[in-house]
Each structure stands twice: as C-alpha cells, then as structure tokens.
Participant: 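What follows is a single structure, and I will ask about it in a moment.
Residue numbers begin at 1 in each chain, while the letters A, B, ... track the order of the sequences.
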Amino acid sequence: MVDRTSNSSPKPLTMARYNPKDTEPRWRKAWADADAFRAVMDPGRPKYYVLEMFPYPSGRLHMGHVRNYALGDVIARFKRARGFSVLHPMGWDAFGLPAENAAMERGVDPRGWTYDNIARMRAELKELGLSIDWSREFATCDVEYYGKQQAWFLDLFARGLVYRKEGVVNWDPVDQTVLANEQVVDGRGWRSGAPVEKRRLNQWFLRITDYADQLTDDLQTLDRWPEKVRVMQENWIGRSRGLKFAFAFAGSPPAGFESGLEVYTTRPDTLFGASFVGIAPDHPLATQVAEGRPEAAAFIALCKQGGASQAEIDTAEKLGFDTGLIVQHPFDPDRTLPVWIANFILMDYGTGAIFGCPAHDQRDLDFVTKYGLPVIPVVLPPGEDAATFQVGGEAYTGPGMIYHSDFLDGLDIEAAKAAAIARIEAGKQGEGATVYRLRDWGVARQRGWGCPVPVVHCATDGVVPLPKAALPVALPDDLDFGKPGNALARHPTWKHTTCPICEGAATRETDTLDTFVDSSWYFARFVDTQADEAINKAAADYWLPVDQYIGGIEHAVLHLLYARFVTKALADDGQLSVREPFAGLFTQGMVTHETYRRQSGEWLEPSQVEVIVESKTRRARLLENGADVVIGDVEKMSKSKKNTVAPEEIFTVYGVDAARLFVLSDSPPERDSQWSTAGVAGAWRFVNRVWEEFDSQPAPTAGDAAQDAPALALRRATHRLIRQVTEAIEGFRFNSGIARLYEFLNLLKANPAAGASPGLQAARDEALSAFARLIAPFTPHLAEECWVRVGGQGMVALAPWPAFDAALTEDAIRVLPVQVNGKRRGEISAPAGADPAEVEKIVLDDPEIARRLEGLTIRKVIVVKDRIVNIVAA
RNA sequence: GCCGCGAUAGCUCAGUGGUAGAGCGCAUCCUUGGUAAGGCUGAGGUCCAGGGUUCGAAUCCCUGUCGUGGCACCA
C-alpha cells in the first residue's frame, strides 16, 4: 500500500473502520462449523430452557421479531456463559388462514407457499446471529409433528376430554363458509361483505373447564410471570362463587320445570330484595312460552336481531316480556315474583336465569324502572338511616348492613351470603356453587390447511376415533384452495375410508384443529424432535419446564392458557411430569415508529420522508419534492400505516449487531420501543468506537496490574461494570446494562493506551477482556472480533462469563454529601463503612459546613452509612 | 362499569426514601488522511398537580388530571 500524500504523519494502518459485512458472516459460519449451540442433556450441569414464541411464517421478518429473538438470545448466551446447559430452539407456527388466503388469491399451493416463506425467514433469522440449536427446527405443518398431535388428541379423547356438541358459529352465507371471529368485521364477512349469520353446527370441544379450578389456583405458583398476565388469566377464567337454587312455581309448573326454575346468583344476601325473575330469550322456558304465544315469539326474535358489536351491546335498552308465570320466594312461599324474559340475560352463563334485585344491581334497576316493578333496598349503607334511605337512579353495590330481610337482618354482606346459602341448602332448594366465565375450547375449524381431527364417521358405529396405528392422518397433496370453504371436505377421495370397528364404509372427519392446538405443546416436542411418541418423557423431565418464555402480551390469555391446559391434561395422562409449562414468562413491548402523512392524509413510508430538526422543533418534508409532511402519532409498526422499517435494510447499512444493540438498548424490554434511524445510527457509532478501542490496544503484556491510582480506579470500574451488567441481565433490564457499557467505553477513552503506565496497561487488558465478554450477549459478532484482539481463548460465545471481585466494586473512600435542613450544602470524604460518630466529627470540623451553620443551633445529625449526612439546625 | 399500567431533559427512557442520570438530539470549538466521519466542552429539569408521612420524597400514602392496556349486560 502506498501513501498518497507525504505532508502529514501517517495514521496507523490498523485504524480501519469496523466492517460488519466481513465480520458478521464469518462468525456465523464459525459458530455453525463448531456446532456451538447444540443443546445437550448433561446431568452434570444445571439446564436452562429459553424459548421465544415461535413465528408464523408470513414470509418476512419484521422488527418485532428482531426484538423478540434478540431478547431471548441475550438470555441464552448469558446463561451459556454462566455454565448452564442451554436449550434454545426455533420452529414455525405454520398452519392457518393466511396460507389459504394466499392460495386463493394467487392460485398457489399453501404447502409450497408456507415452506417457501419458512426458507426465506430462516435465512433472515440466521442472519440475526441467534444462538439457536437449528437441528431441532420443525414446522407444525410437518406431518411428523401434527401426526404426533393427533396421537395425544386421541389420548385426551380416551380420557373424556374431547367431545362433540352443537355450537354457534359465524357463517358467511355468500362464501358458504365458517368464519373465525377475527374474520368478522363490523358484523360482516371480511371477504364477501355479507352480514354474518349465527349458525349451529356440530363442533369439537376440549374440556378445558374441567381444569378451570387448577388453572386459576396454579396461577399463584407462577411467581416469575407478570402480575398483569396472571390477572388477565384469572379474569378470563372468571371463577365466581355463589348460589344455585330453584324457584318453585305458584300453581302448576310448566312441562319440564316440575322441580322449579333454577337460577344462579353471587348475591344471595339480597334475596329479600327480589322483585322479579328473569330468563334469557333462548332459555328453554322462553321457547316453551313462545310456542303458545306469538307475541312472546316476536319478542324473542326481536332480541336475537340485536347487533353483536360491542357498541350496540353497550347501548342496548333493557327490554322484557312478562310471561305471566309466577314463582314463589324461596324464604316465603306467600310472596310471589313474576317471570320475565329479558334481553340482557345470557343463556350460556350460570343457568340462563336470574332473580332481579333492582336496589343493588344497576341492570335490574334499569329494567324495573322501565316496567314499573318494585325497588326494595336490603343493604343499608354505613351512616344511612333505615327509615329514610332510598335508591334513586343508581343501584347501591357497596358495603353495608342487611335490613328488610327477616333472618338476615343486622348481618354484614358476607355473613348474610353464608346464612342465605345455609338456609337454602337446609331446605334442599339448592346449593352453593362455583361458576366460570370460561367456556370449553371449541377446536374445530372447517378449513383445509390444518391438522385433521383423527376420527371417522360410520353409519353403524357413529363417531369412531382412529387407532394409533392408523396415524398420521395426513393431508392430501392435491387440495383445491381455489374457492372459499373447506378444501378438505370437497376433496374427491380423501374422506372416503373404512370404519376401524365394523370395517364398513365410513367418512373421515373433515374438520381440522384450531392452530392454537398446534402451539399448545410445541415446547414439549422441542425436547426431542425425533421421538416416536409425541413427547420423549425422559428428555422432557430433563428440559421442562421452559425456564424463560418470551413473547408478546397479545398472547397473555389464549395461547398461554391453552398451553397450560394441555400441559396439565398430558401430565394427568402420564406423558409429562410438569404441571406448568412456563416457569418464567416475559412479555416484551411492541416496536413502534412515528407515522407520516401527506397533507391529503395519505400514509407515507419513513424512507420517503426527511425529518428536519431545528433546535427545539421537528418538522418533516417529502424527499421527492420538499412538500410539507404531517408527523403523526407513534404507533405499532404496521403495513397499513406504512410505518415499518425492514430489518434487512438496516442489517445492510449498519450491520446486525448495531440493529440488535439498538432494539435492546432503547427501552426496558417490557415497554414499547420506538424505532428511530438516529437511534440505530447511534448504536452503529458505539460499535465503531468499541472496535477502535480494541484495535488501538497493544498486544497484552505479562505485566501485573501495578497499583498506581489510575490503574486501580480502572480496575474498580471494571469490576463494578461486571456486577452491574450481570445484575441488569438477570433483572431483564438490558437497556440499563447497555447504558453502563456506553459509560464504561467513555471511561476507557479517558484512560487511553497511548502513554499508559504499565499498571494502567494491565488494567486496560483486564477491562477489555471483560468488556468483550460483557457485550457478547448483545453484539455477538463484534464481541468475537474483540475477543480475538485481546487474545481470548476459543470463541467468546463459549467463554465463561467474567467474575467480579466484590471487594473491588466498593470504593475505600466515600464522598458524602452534607445537607443542612435537607438542602445540599457541601461534601466531605470519609472511609467506607465509617461509623456515624466518626463521620459526624469530620463534618463538624469542615470549615465550609461550619460557615453554613453559623448562628444556628444543631438539633440533630443524621448519618446514613456511606450515603449522606443531614444536619437539622435552627 | 370493573381490573391494571404509565407521566423524570427537546425525544426515548433509567433511577423507587438520601448529591437528579444515560443515549439520541441541540450549541461552541477542534480535526478534515478514521470522512456516507471522529473528538473536546457545554446548555438544557416547578421529576403531571395538590395534600399527607419523614430530619429528608421523583421515590411511600391519599386525592385529582391526562394518557394507555385488558375484561365487560358474566347476575
């Protein structure tokens, strides 16, 4: 190489800019060649299973993926360095509607579309430099996977946890197909635009309600789950304790109701405030009443017309129809109540019938106000007078004393509930009961791209589960997805088979399983993806539970609840030992970005816009013609708002490490993170500054770290850094750990290699060696390059985590601020751990402090060890 | 309606009884052979508001305001 100029001193040739295009692929190949991340069952080491929610193969990696998998990779690399045997696998949640839609729109095959997408996304994920054991990769649409799923489905069938019953589905009358809830937009089919009908179909259900109690109670054991998620699950299951009892009819009961009309309540304490009994419009008694009375039938039809949207439900007027039937009050047969059909009562909660206590329930109050039924207060709020208390337009639901209530008078609410339940139970009129909001899990989908339900329908033997030997029930290769509806059902030959019992002609079930079934056990398949059985129990006993599960909050209820349920069901079947799949759960925030629009309102991509910062204000203009652009809200990256940034483009410009570093450093992982070009450019500058620091460091010397003052100070800072980064990673505060690394780099630059004493040189060797290992979880490629530069052994990906010397993390001399009456007035130096009397003496001898105290009387001196001194004076 | 979460520098966020911090941005200056850059120095904060506890509150408690998430005619 030739110097092109000769009039200035030459720069060292090693001062090359860091080039991720060279280093990053090179290290990924080195990791792969060394098989560095293969998970091994090693009884001699503690295990650690870290798992990110597996992706749907949409075809492109987005920033949310980058954040999710970078977070998990930090944990995996950290735990590996800490000596754990780490399992960190990856797979694909590959069945589902997008593939069918792509098939219909573009005339492609869903299988080919899906596997092509997987190939593309696998390449992108590998580019991220994740420390994944790729030998365990699978997709849920692999027959080797869903065949095993069919096997345990049959096991649950045998245990009575699978059943068929009529369920209500969304039916698109134009496309002639069942729609998932998310395909119904404002009450209309998302493709056809036709109003969606409710239709009753035979559906497959998993009996998750059998586990409702366990699923609620065991939430208490999940102490490494966010409180928020536990609360959401608890609300979703919605366990409520109350009373079920039957009202006896006055006069002859309607057919089928000889034992009375059963209701459920959580407020048995307010029974004496009852003024009517209400039943749901689709209650069997309502149906019976409607048979003889056209006006009742008309009312029921009116109720069913009501829109399903939330807004309509919220504003719907309370409507009722008096059936003319009369029931007796359970505690006083002489007192009677009318039975109304009411539009606000739900058939599928409790018994579909209630007693109305308008004084203490707002819905009941709205109802009786309209129809002129009595309002009888039975709970007296504290401080109110029984003689004058009245309920106005608002029901009273607070605490108080029961009155107007015979044997319950004078009790508080809880005591009255217990007494009322006891009386009902003694009279054999009913009993205390627990009900749940949770419904059984409808798992059937009338779709062709899913896991077939492994049963056949036989004219002789009915619904027959297949024997295990007949598995897998594989999808045919030649499904026609060219038109709406279930491609499996219309396949010409696939469904025709024979009955395993009578060997006569039979047809296969053409429903497939909800994709939430596919994702309810994949973590257990990862422990041994080659096993003949669904789950290799020995491997599961080693690896499970997942120690750290990471994913989006959007799965807080359904996916996590289903996975918990399936784990418990399989444990009861002896296939698993754990009863909870995920010991630790972390829900990361979304990646957001500013939005931009033209003056006309049309969305613009970030790449079309230039943001100009002028001192305190920001404005934006269109790159192509300089037109003003409106800067909108910061929102989740989405195609519709065009505020996405493609990871590939960022990798190309700044490298993978800079992209990883930015998404990890910007926000606490559980919060939303705002993507910005300035931010990733800042991370890129950090990568370069780190490399410069390592590149300018002379080869390590054998010299010992002599204890001159700058060397000792650097050593202390190094050991403090190790401690801080370690604690930050353990506490999921990656952004704080990275902030400490930024600060430390500034410190290194303040103590440069040039002109350093031998002691400082040695302290720098120690610091850089630690630094290379500390950045490895965040920027693994850069860390490898730095590790080589400091002469590290082997690859940093497999190097042990640096240890810190606790003694070195504490300073021997502390600077203590001194406050007078809570205001900072000076500072003093004292030995670490100095006792209060000693410190007090130093403080009072300090001339500056003494000046501040002139003319004041010292009332008290508060010394907080190693922290602060406060003098109270007047 | 019910249950949560949040509000700290221009922006994104740490800090959770004891000296108000980081990154980015901004300003000054230096370098212009690390150059689609690099470096020095600096300015910038009624810690949402009000009340309480305390020697001391951004931090704990209460009330409110604004923003935001989940559930919801669930008896």
Participant: State the syn/anti category of B:G69 according to its glycosidic angle, syn meaning within 90° of 0.
Facilitator: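 With its glycosidic angle more than 90° from zero, B:G69 counts as anti.
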Participant: Sequence neighbours excluded, which residues qualify as side-chain contact (heavy atoms from CB on, under 4.5 Å) partners of A:Val843?
Facilitator: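 Scan of A:Val843 (side-chain contact (heavy atoms from CB on, under 4.5 Å), adjacent residues dropped) gives A:Val818, A:Ile828, A:Val839, A:Ile849, A:Val869, A:Ile871.
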Participant: A:Phe732 CZ to B:A14 P: how many Å, rounded?
Facilitator: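 The distance from CZ of A:Phe732 to P of B:A14 comes to 15 Å, rounded to the nearest Å.
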Participant: When the P atoms of B:A43 and B:U35 are compared, how many Å lie between them, rounded to an integer?
Facilitator: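 32 Å, rounded to whole Å.
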Participant: Please tell me which of the listed nucleotides, B:A72, B:C73, B:A75, lies nearest to the side chain of A:Lys318?
Facilitator: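 For the A:Lys318 side chain, the nearest candidate turns out to be B:C73.
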Participant: Using atom P in both nucleotides, what's the gap between B:C61 and B:G6 to the nearest angstrom?
Facilitator: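 Taking atom P in both B:C61 and B:G6, they lie 11 Å apart.
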Participant: Excluding sequence neighbours, so at least two apart, what forms side-chain contact (heavy atoms from CB on, under 4.5 Å) with A:Ala395?
Facilitator: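 A:Ala395 satisfies side-chain contact (heavy atoms from CB on, under 4.5 Å) with A:Gln362, A:Leu365 only.
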Participant: Mark yes or no: A:Lys318 above the aromatic ring of A:Phe344, with NZ or CZ under 6.0 Å from the six-membered ring centre and no more than 45 degrees from the axis.
Facilitator: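 Yes, A:Lys318 sits over the ring of A:Phe344.
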Participant: Which of the following nucleotides, B:A75, B:C74, B:C55, is nearest to the side chain of A:Ile862?
Facilitator: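 From the listed options, B:C55 comes nearest.
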Participant: Of A:Met347 and A:Val231, whose closest RNA chain B nucleotide lies nearer the 5' terminus?
Facilitator: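 In this pair, the answer is A:Val231.
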Participant: Using side-chain contact (heavy atoms from CB on, under 4.5 Å) as the criterion, list what pairs up with A:Glu262, not counting sequence neighbours.
Facilitator: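 Testing A:Glu262 for side-chain contact (heavy atoms from CB on, under 4.5 Å), a comparison that skips the adjacent residues, returns A:Lys244, A:Thr351.
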Participant: For A:Gln697, enumerate each residue passing the side-chain contact (heavy atoms from CB on, under 4.5 Å) test, keeping only those at least two apart in sequence or located in another chain.
Facilitator: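 A:Gln697: side-chain contact (heavy atoms from CB on, under 4.5 Å) contacts with A:Ala753, A:Gln761, A:Arg764, A:Asp765, A:Leu768.
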Participant: Starting the side chain at C-beta, find the nucleotide from B:C73, B:C74, B:A75 nearest to A:Ile345.
Facilitator: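 So the side chain of A:Ile345 is nearest to B:A75.
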Participant: What is the nucleic acid contact for A:Ser240, judged by heavy atoms within less than 4.0 Å: base, sugar-phosphate only, or nothing?
Facilitator: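 If one applies the 4.0 Å heavy-atom cut-off, A:Ser240 turns out to touch the sugar-phosphate alone, with no base involved.
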Participant: The criterion is side chain to side chain donor-acceptor pair (under 3.5 Å); which residues satisfy it with A:Tyr742, sequence neighbours excluded?
Facilitator: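 Partners of A:Tyr742 under the side chain to side chain donor-acceptor pair (under 3.5 Å) test: none.
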Participant: Name all residues meeting the salt bridge (Lys or Arg N to Asp or Glu O under 4.0 Å) criterion together with A:Asp364; count only those two or more places apart in sequence or in a different chain, and write none if there are none.
Facilitator: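 None.
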Participant: For nucleotides 35-41 of chain B, which of its nitrogen or oxygen atoms have a protein nitrogen or oxygen under 3.5 Å away, and what is each distance?
Facilitator:
unit_1, atom_1, unit_2, atom_2, d
B:G39, OP1, A:Arg689, NE, 2.8

Participant: In whole Å, measure the gap between the P atoms of B:A20 and B:U46 for me.
Facilitator: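 To the nearest whole Å, 15 Å.
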Participant: Can you tell me how far C1' in B:G44 sits from the matching atom in B:C3, rounded to whole Å?
Facilitator: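 Roughly 40 Å separates the two C1' atoms.
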Participant: Checking A:Phe367 against A:Phe276 for the ring pair (Phe, Tyr, Trp, His ring centres under 6.0 Å) test, could you report, in this order, the C-alpha distance in whole Å, the side-chain angles of both residues, the deciding distance, and whether it holds?
Facilitator: CA-CA 10 Å; A:Phe367 185 77; A:Phe276 69 97; 4.9 Å; yes
Participant: More than 12 non-hydrogen atoms from neighbouring residues, nucleotides or ligands closer than 6.0 Å to CD on A:Glu730, yes or no?
Facilitator: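 It does: A:Glu730 CD has more than 12 such atoms within range.
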Participant: Let me know the distance between CD of A:Gln588 and C1' of B:G69, rounded to the nearest Å.
Facilitator: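 Whole-Å distance recorded here is 15 Å.
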Participant: Below 3.5 Å between N/O atoms, which protein atoms pair up with nucleotides 28-30 of chain B? Just atom names and distances, please.
Facilitator:
none

Participant: So, using side chain to side chain donor-acceptor pair (under 3.5 Å) as the criterion, who are the partners of A:Tyr654 when residues are at least two apart?
Facilitator: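 Partners of A:Tyr654 under the side chain to side chain donor-acceptor pair (under 3.5 Å) test: none.
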Participant: Pick base, sugar-phosphate or nothing for A:Asn235, based on heavy-atom distances below 4.0 Å to the nucleic acid.
Facilitator: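 The answer is nothing, as A:Asn235 stays clear of every strand by at least 4.0 Å.
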Participant: Send over the distance from A:Tyr436 OH to B:A75 C1', rounded to a whole Å.
Facilitator: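 In whole Å, B:A75 C1' and A:Tyr436 OH are 17 Å from each other.
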Participant: Between A:Ile738 (CD1) and B:U12 (C1'), how many Å, whole number?
Facilitator: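 It works out to 14 Å between those atoms.
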Participant: Under a 4.0 Å N-O cut-off, is there an ion pair linking A:Arg789 with A:Glu785?
Facilitator: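 Judged by the 4.0 Å cut-off on N to carboxylate O distance, A:Arg789 and A:Glu785 do not form a salt bridge.
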Participant: Please determine, for the side chain of A:Trp236, which listed nucleotide (B:G23, B:C55, B:C71) has the closest atom?
Facilitator: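 The listed nucleotide nearest to A:Trp236's side chain is B:C71.
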Participant: With sequence neighbours excluded, what pairs up with A:Glu838 under the salt bridge (Lys or Arg N to Asp or Glu O under 4.0 Å) test?
Facilitator: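 With sequence neighbours excluded, A:Glu838 shows a salt bridge (Lys or Arg N to Asp or Glu O under 4.0 Å) to no residue whatsoever.
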Participant: A:Asn343 has a side chain; which of B:A14, B:C73, B:A75 sits nearest to it?
Facilitator: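 The answer is B:C73.
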Participant: Would you tell me if any nitrogen or oxygen in the side chain of A:Arg733 comes within less than 4.0 Å of OP1 or OP2 on B:A14?
Facilitator: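 Answer no for this pair, as no side-chain N or O of A:Arg733 is under 4.0 Å from OP1 or OP2.
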Participant: Rounded to whole angstrom units, what separation is found between the CZ atom of A:Phe734 and the P atom of B:C13?
Facilitator: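 Checked: the CZ to P distance equals 18 Å.
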Participant: What is the nucleic acid contact for A:Tyr742, judged by heavy atoms within less than 4.0 Å: base, sugar-phosphate only, or nothing?
Facilitator: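 Sugar-phosphate only.
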Participant: Take atom P in B:U68 and the same atom in B:U12, then report the distance between them in whole Å.
Facilitator: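 Taking atom P in both B:U68 and B:U12, they lie 14 Å apart.
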Participant: How would RNA chain B look in dot-bracket form, 5' to 3', counting Watson-Crick and G-U wobble pairs with both distances under 3.5 Å and writing | for bases paired to another strand?
Facilitator: (((((((..((((....[..)))).((.((.......)).)).....(((((..]....))))))))))))....
Participant: Taking side chain to side chain donor-acceptor pair (under 3.5 Å) as the definition, give me every residue that meets it alongside A:Arg740, ordered by chain and number, with sequence neighbours left out.
Facilitator: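 Listed in chain order: A:Glu743.
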Participant: Do A:Asn870 and B:C55 have a side chain to base donor-acceptor pair shorter than 3.5 Å?
Facilitator: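 Donor-acceptor pair under 3.5 Å: yes.
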Participant: Using atom P in both nucleotides, what's the gap between B:G42 and B:C29 to the nearest angstrom?
Facilitator: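 After rounding to an integer number of Å, I get 16 Å for this pair.
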Participant: For B:G25 and B:G64, measure between their C1' atoms and round to the nearest Å.
Facilitator: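 Between the two C1' atoms, the distance is 34 Å.
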Participant: Write down the distance between CD (A:Glu234) and P (B:G4), rounded to a whole number of angstrom.
Facilitator: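 The answer, rounded to whole Å, is 11 Å.
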Participant: Could you give the CD-to-P distance, from A:Gln724 to B:G21, as a whole number of Å?
Facilitator: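 In whole Å, B:G21 P lies 15 Å from A:Gln724 CD.
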Participant: Give the ring-plane orientation class for A:Phe732 versus A:Phe586, where under 30° counts as parallel, over 60° as perpendicular and anything between as tilted.
Facilitator: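 Judged by the thresholds at 30° and 60°, the geometry between A:Phe732 and A:Phe586 is parallel.
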Participant: Hey, which sits more toward the 5' end of RNA chain B by its nearest nucleotide, A:Val869 or A:Arg363?
Facilitator: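 By nearest-heavy-atom nucleotide position, the 5'-most residue is A:Val869.
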Participant: Quantified in whole Å, what is the C1' atom distance between nucleotide B:A49 and nucleotide B:U65?
Facilitator: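 Looking at atom C1' only, B:A49 and B:U65 are 7 Å apart.
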Participant: Taking the minimum atom-to-atom distance to the side chain of A:Lys228, which one of B:A75, B:G69, B:G70 wins?
Facilitator: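 Closest nucleotide to the A:Lys228 side chain: B:G69.
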Participant: Find the distance A:Leu346:CG to B:C73:P and express it as a whole number of Å.
Facilitator: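 In whole Å, B:C73 P and A:Leu346 CG are 6 Å from each other.
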